[in-house]
Amino acid sequence: MSAPLLVEEHADRVVLRLNRPEVRNAIDLAMVGALHEACAALEAAPRVALLIGSGGTFAAGADIAQLRERRRDDALAGINSGIFDRIHRLPMPVVALVDGYALGGGAELAYACDFRIGTPATRIGNPEPGLGILAAAGAAWRLKELVGEPLAKEVLLAGRVLDAEEALAVRLLNDVAEADDLEAAGHRLVDRITAQAPLAVRLTKSVLDAPRDAHPLVDDIAQAVLFETQDKTDRMTAFLDRRKEKP
């Protein structure tokens, strides 16, 4: 049986490929376990991650056959919400490459990422109430933060599915690329991220995610750490040298 998640290691990034194309990358317990392993590696050695589905679909949802058998204790265990929250809290940014369907748990996985790039075929939504459940792995609060309450209620309460154009208009998608250029578009974005100072990116992500009451103290502490780095000195020196060289 093939692995539910393929991991491609690079020096400054990792590509995580959901690998259950026969069921449109439905998220089952094996995939959740593999994602936890990938997160542990990214926590130990922080790098930017690209998350993509195989077979022309990002993830059509959680595995319905498994969901049908889950009961109260399974819900309280937070199987999907736990892994999506862990992905959101990774030290470095995560880019979701969303081709085709991102529905239910697949949409919630995309919402948990820092960036989302789609294709013209992208469709994003949360049909959970039609199956007698709710979107309990982040959509019920994260989607409102991403697109605002009125649109979030259309998606969550009335079953609206957003196409690529609609998702781009509300910035749920940061960009749209043709399917054959999607992965390259993701790498281009990662190139822009990795051109920044790695620790500055990492601490900026942490500061962005901090609660309002933590500011401005958390900003000052993060800046204090960065002020002491050699990377800051080298980059500012290079900037000043380039300015001197200009006529």
Side-chain angles (χ1 to χ4, degrees), residues 2-8 13-32 34-35 38 49-67 80 83-84 87-88 93-131 133 135 137-139 142-143 146-147 151-152 154-156 158-190:
S2 59
L5 183 72
L6 303 179
V7 180
E8 301 168 18
R13 69 198 68 184
V14 175
V15 179
L16 305 176
R17 198 177 305 274
L18 308 178
N19 189 43
R20 301 186 72 216
E22 70 282 359
V23 288
R24 298 192 296 181
N25 300 317
I27 300 167
D28 67 352
L29 286 173
M31 186 179 287
V32 168
L35 285 168
L50 285 157
L51 187 59
I52 188 170
S54 55
T57 297
F58 181 68
D63 190 297
I64 301 301
Q66 288 190 1
L67 274 182
N80 285 356
I83 184 55
F84 297 164
I87 288 168
H88 182 73
V94 182
V95 180
L97 302 179
V98 186
D99 191 15
Y101 289 107
L103 299 175
E108 291 179 300
L109 175 56
Y111 303 156
C113 296
D114 299 286
F115 301 93
R116 288 159 293 277
I117 301 175
T119 72
T122 298
R123 300 292 183 271
I124 304 177
N126 290 94
E128 284 90 341
L131 296 170
I133 58 175
R142 192 170 274 140
L143 185 59
L146 289 169
V147 304
L151 182 55
E154 283 191 58
V155 173
L156 295 168
R160 180 172 175 181
V161 175
L162 302 178
D163 63 24
E165 184 178 350
E166 293 168 323
L168 181 62
V170 296
R171 304 304 292 170
L172 184 59
L173 292 178
N174 298 93
D175 198 3
V176 174
E178 294 299 323
D180 59 3
D181 188 48
L182 178 62
E183 199 159 345
H187 281 287
R188 289 193 294 269
L189 175 56
V190 175

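Heavy atoms only: backbone and side chains are in, while hydrogens, waters and symmetry mates are out.
Considering CG of L143 and CG of L151, their distance stands at 6.5 Å, rounded to 0.5 Å. Annotation: the span from N80 atom CG to I27 atom CD1 amounts to 6.0 Å, rounded to 0.5 Å. How far CD1 of I87 is from CG of L109: 5.0 Å, rounded to the nearest 0.5 Å. Taking CG from L168 and CG from L162, the interatomic distance works out to 11.5 Å, rounded to the nearest 0.5 Å. If you take CZ on R123 and CG on D163, they are separated by 5.0 Å, rounding to the nearest 0.5 Å. Remark: Q66 CD to I64 CD1 distance equals 10.5 Å, nearest 0.5 Å.
V98 and A110 make their closest contact through CG2-CB, 4.3 Å (heavy atoms, listed as atom of the first residue, atom of the second, distance). Nearest approach of R142 to A112, heavy atoms of both residues: NH1-CB, 3.6 Å. Across every non-hydrogen atom of A107 and G125, the tightest pair is CB-O, 3.4 Å. Taking every heavy atom of both residues into account, R24 and T57 meet most closely at O-CG2, 3.6 Å. A pairwise comparison of heavy atoms in A137 and F84 identifies O-CD1, 3.4 Å as the closest pair. Residues A49 and L16 come closest through the heavy atom pair CB-CD1, 4.4 Å.
With sequence neighbours excluded, the residues satisfying side chain to side chain donor-acceptor pair (under 3.5 Å) with R17 are E8, E183. Every residue two or more places apart in sequence or in another chain was checked for a side chain to side chain donor-acceptor pair (under 3.5 Å) with N19, and none qualifies. Applying the side chain to side chain donor-acceptor pair (under 3.5 Å) criterion to H187, with sequence neighbours excluded, gives R13. In this structure D181 satisfies the salt bridge (Lys or Arg N to Asp or Glu O under 4.0 Å) test together with R188, sequence neighbours excluded.
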Original post:
After noting the C-alpha distance and the side-chain angles of L131 and L67, does the key distance pass the side-chain contact (heavy atoms from CB on, under 4.5 Å) rule?
Top reply: CA-CA 10 Å; L131 296 170; L67 274 182; 5.8 Å; no
Original post:
Given the rule in the side-chain contact (heavy atoms from CB on, under 4.5 Å) test, do N126 and Y111 qualify, once you have shown the distances and angles that lead to the verdict?
Top reply: CA-CA 11 Å; N126 290 94; Y111 303 156; 2.8 Å; yes
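Under a 3.5 Å cut-off, the side chain of N25 and the backbone N or O of R20 do form a donor-acceptor pair.
Partner L51 forms a side chain to side chain contact (heavy atoms under 4.5 Å, CB included) with one of V14, V95, L97, L18 and no other, that one being L18.
Sorted by first and then second residue, the pairs that involve residues 97-109 and meet side chain to side chain donor-acceptor pair (under 3.5 Å), not counting sequence neighbours, are D99-T119.
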Using a 3.5 Å cut-off and no angle test, enumerate the donor-acceptor pairs between side-chain atoms of residues 169-177 and protein atoms at least two apart in sequence or in another chain.
from : atom 1 : to   : atom 2 : distance (Å)
R171 : NH2    : N174 : O      : 3.3
N174 : OD1    : R116 : N      : 2.8

